[in-house]
Amino acid sequence: MPAVVHPTAQTTLGLLPSPTGWVDDLGSDFALRDCQVTDNRWRTPLSHAASRFDQALTNAASAGIKLRAWNHLDPATIQAYFDDHAWYMQPHFLDNPSSFFELPPGDVNVHEGRPLPRRSDPDSADRVMLEFYSPFETSDPDRRDQFATFYPNERVEARGWFHKDGPRPVIICLHGFSMPGYNANTFWFSARKMFDAGLDVVLFNLPLHGSRRPSFSRYHGTALIVPSFWRLNECAAQAVMDLRILVRHLRDRGAPSVGVTGYSWGGYHSALL
C-alpha cells in the first residue's frame, strides 16, 4: 500500500511549510528542560504575588474543612480510616501500576456529533463533540455499586476543534478542579493560539465535572471532596482509562501524534497518563 503524505507534513519535500513542525523540533526530553520565556522584568514579581495570593485563598477556603476534621483526628478514627482503605495500600499497585490503571477494552464506540457553537470556538474549526460511555469499573469491587450511582459520570464528553484540511497533531487540555467550563478553559490554555499554531485542540471533561457532575454535587468535582479517599483514587483511574480511549480514537481518525496538558487537577492527570 503506498504511503500517503499529508500536505502539512511535506516540508521535507520543500513544497509547503509545516504549521506543526515546531512540535517535532521540541525533542522527546523537552519536558525535562527549562522553559525559555521572553525576558520580562515584571514576570518574577507577578509570579511571587500570584503564589502568595493563591496560598492565602487556599488557606481561607479550606479553613472550615480543617476545623471540622480536627475533632476526628484521634488514633482510633485514623486507624479505622486506614482499615477502610486497605485495598489501595497493596504494594503490587506500585510495583505494577497497570494492575490499578487497567487498559480499556477495545470495543468502545466513540460518537462524534456537532455541538452548538460557542463564542470561544474558532470560526475556521471543524467543531466536534466526542462522546462515549466509560467502561470503567472500580478497582475495589466493594465500591462498584456506590460508584455506579454517580450518574451521569459514566457519560464522557470532550469538545474538539479540528482543522478542515486534514489531520494534525492533537493537544488534549485537562481542566483544574471544579473548573470544567469550555469558555474559561479556552482562555486558560490559550487554546485559540494553539489552534492557530497548527494543532487540533480537544477540551476534555474529567470525572464528576461538567456534564458528568452528579445531581447530589453542589459544584463541579465536590463529590471528590469527601472523607473517603477512595473516590479520588477511583476517579483518577477512570480518567486515565477514559483518556486512553480518547487518545486511541484520535489516532484512529488520523492524528499523527497526541499530547496532553493540564493545570492543577488536570496537570495531575496529565502526569498519571
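Among all heavy-atom pairs drawn from N205 and G210, the shortest one is ND2-CA, 3.9 Å. A pairwise comparison of heavy atoms in S139 and E234 identifies N-OE1, 2.9 Å as the closest pair. The two atoms that bring H85 and F229 nearest to each other are NE2-N, 2.9 Å, heavy atoms only. Residues S99 and H92 approach most closely at OG-ND1, 3.2 Å, considering heavy atoms. Closest of all the heavy-atom pairs between S124 and F195 is OG-CE2, 3.5 Å. Shortest non-hydrogen contact noted between R244 and E102 is NH1-O, 3.5 Å.
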Assess the residue pair L174 and L243 against the criterion (side-chain contact (heavy atoms from CB on, under 4.5 Å)); give the C-alpha distance rounded to whole Å, side-chain angles, the decisive distance to 0.1 Å, and a yes or no. CA-CA 10 Å; L174 304 182; L243 284 165; 3.8 Å; yes
With side-chain contact (heavy atoms from CB on, under 4.5 Å) as the criterion, how do V128 and W161 come out once you've worked through the C-alpha distance, each side chain's angles and the decisive distance to 0.1 Å? CA-CA 7 Å; V128 177; W161 302 340; over 6 Å; no
Worked check of ring pair (Phe, Tyr, Trp, His ring centres under 6.0 Å) between F147 and F136: CA-CA 10 Å; F147 197 83; F136 175 77; 5.6 Å; yes
In sequence, state the C-alpha distance, the side-chain angles, and the governing distance for H163 and D200, and then conclude on side chain to side chain donor-acceptor pair (under 3.5 Å). CA-CA 6 Å; H163 287 79; D200 290 338; 2.8 Å; yes
What do the steps show when you test Q79 against D83 for side chain to side chain donor-acceptor pair (under 3.5 Å), and what is the final call? CA-CA 6 Å; Q79 186 58 51; D83 293 343; 2.9 Å; yes
From CA spacing to verdict: ring pair (Phe, Tyr, Trp, His ring centres under 6.0 Å), F177, H220: CA-CA 8 Å; F177 176 78; H220 298 287; 9.9 Å; no
Hey, mind stepping through T261 and I172 against side-chain contact (heavy atoms from CB on, under 4.5 Å) and telling me if it holds? CA-CA 6 Å; T261 185; I172 300 174; over 6 Å; no
For a salt bridge (charged side-chain N to carboxylate O under 4.0 Å, His left out) check, start with the C-alpha distance between R159 and D121, then their side-chain angles and the critical distance, and finish with the verdict. CA-CA 10 Å; R159 189 180 185 92; D121 291 337; 2.6 Å; yes
List the steps and the verdict of side-chain contact (heavy atoms from CB on, under 4.5 Å) for L199 and R168. CA-CA 6 Å; L199 296 176; R168 303 282 186 89; 5.9 Å; no
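Other residues, nucleotides and ligands place no more than 12 heavy atoms under 6.0 Å from the CG atom of L116.
Counting heavy atoms from C-beta outward, D242 and R212 have side chains that approach closer than 4.5 Å. Side-chain contact between V108 and M241: absent, with no pair of heavy atoms (C-beta onward) separated by less than 4.5 Å. Side-chain contact check for C173 versus V202: every heavy-atom pair is 4.5 Å or farther apart. Within the 4.5 Å cutoff, the side chain of P117 has heavy atoms near those of the R127 side chain. In this structure, the side chains of I245 and P135 come closer than 4.5 Å at one or more pairs of heavy atoms. Counting only heavy atoms from C-beta outward, the side chains of F82 and M89 approach each other to under 4.5 Å. Counting heavy atoms from C-beta on, the side chains of F204 and V156 come closer than 4.5 Å. Residues F132 and H111 have side chains not in contact (no heavy-atom distance under 4.5 Å, counting atoms from C-beta outward).
Applying the side-chain hydrogen bond (donor to acceptor under 3.5 Å, both in side chains) rule to pairs touching residues 263-273 yields N185-Y263, sequence neighbours excluded. Legend: side-chain hydrogen bond (donor to acceptor under 3.5 Å, both in side chains) pairs involving residues 247-257, not counting sequence neighbours, sorted by first then second residue: E112-H249, E112-R253.
With hydrogens and angles ignored, the 3.5 Å screen pairs a side-chain donor or acceptor of N59 with a backbone N or O of Q55. With hydrogens and angles disregarded, no donor-acceptor distance shorter than 3.5 Å links the side chain of S217 to the backbone of R213.
Residues N96 and S98 have side chains that bring a donor and an acceptor to within less than 3.5 angstrom of each other.
Residues that satisfy the side-chain contact (heavy atoms from CB on, under 4.5 Å) test with Y219, not counting sequence neighbours, are S178, T222. A search for side-chain contact (heavy atoms from CB on, under 4.5 Å) contacts involving R155 returns E131, Y133, E157, S211, not counting sequence neighbours. For F216, the side-chain contact (heavy atoms from CB on, under 4.5 Å) partners are F150, P214, A223, R231, not counting sequence neighbours. Residues satisfying the side-chain hydrogen bond (donor to acceptor under 3.5 Å, both in side chains) criterion with N233, sequence neighbours excluded, are absent altogether.
A distance of 9.5 Å separates CZ in F53 from OG1 in T58, rounded to the nearest 0.5 Å. Interatomic distance, CG of D54 versus CZ of R52, reported as 11.0 Å (0.5 Å rounding). From S120, atom OG reaches atom CZ of F187 across 12.5 Å, with rounding to the nearest 0.5 Å. Distance check, rounded to the nearest 0.5 Å: OG1 of T138 to CZ of R144 gives 5.0 Å.
Connection of W230 to L272 is established within a shared hydrophobic cluster, with ILVMFWY side chains joined at heavy-atom distances below 4.5 Å, either directly or through further cluster members. L103 is not connected to V240 by any chain of hydrophobic side-chain contacts under 4.5 Å among Ile, Leu, Val, Met, Phe, Trp and Tyr, and they are in different clusters. No path of Ile, Leu, Val, Met, Phe, Trp and Tyr side chains, each step under 4.5 Å between heavy atoms, connects Y151 with L206, placing them in separate hydrophobic clusters.
The aromatic rings of W87 and F93 sit tilted, their planes meeting at an angle between 30° and 60°.
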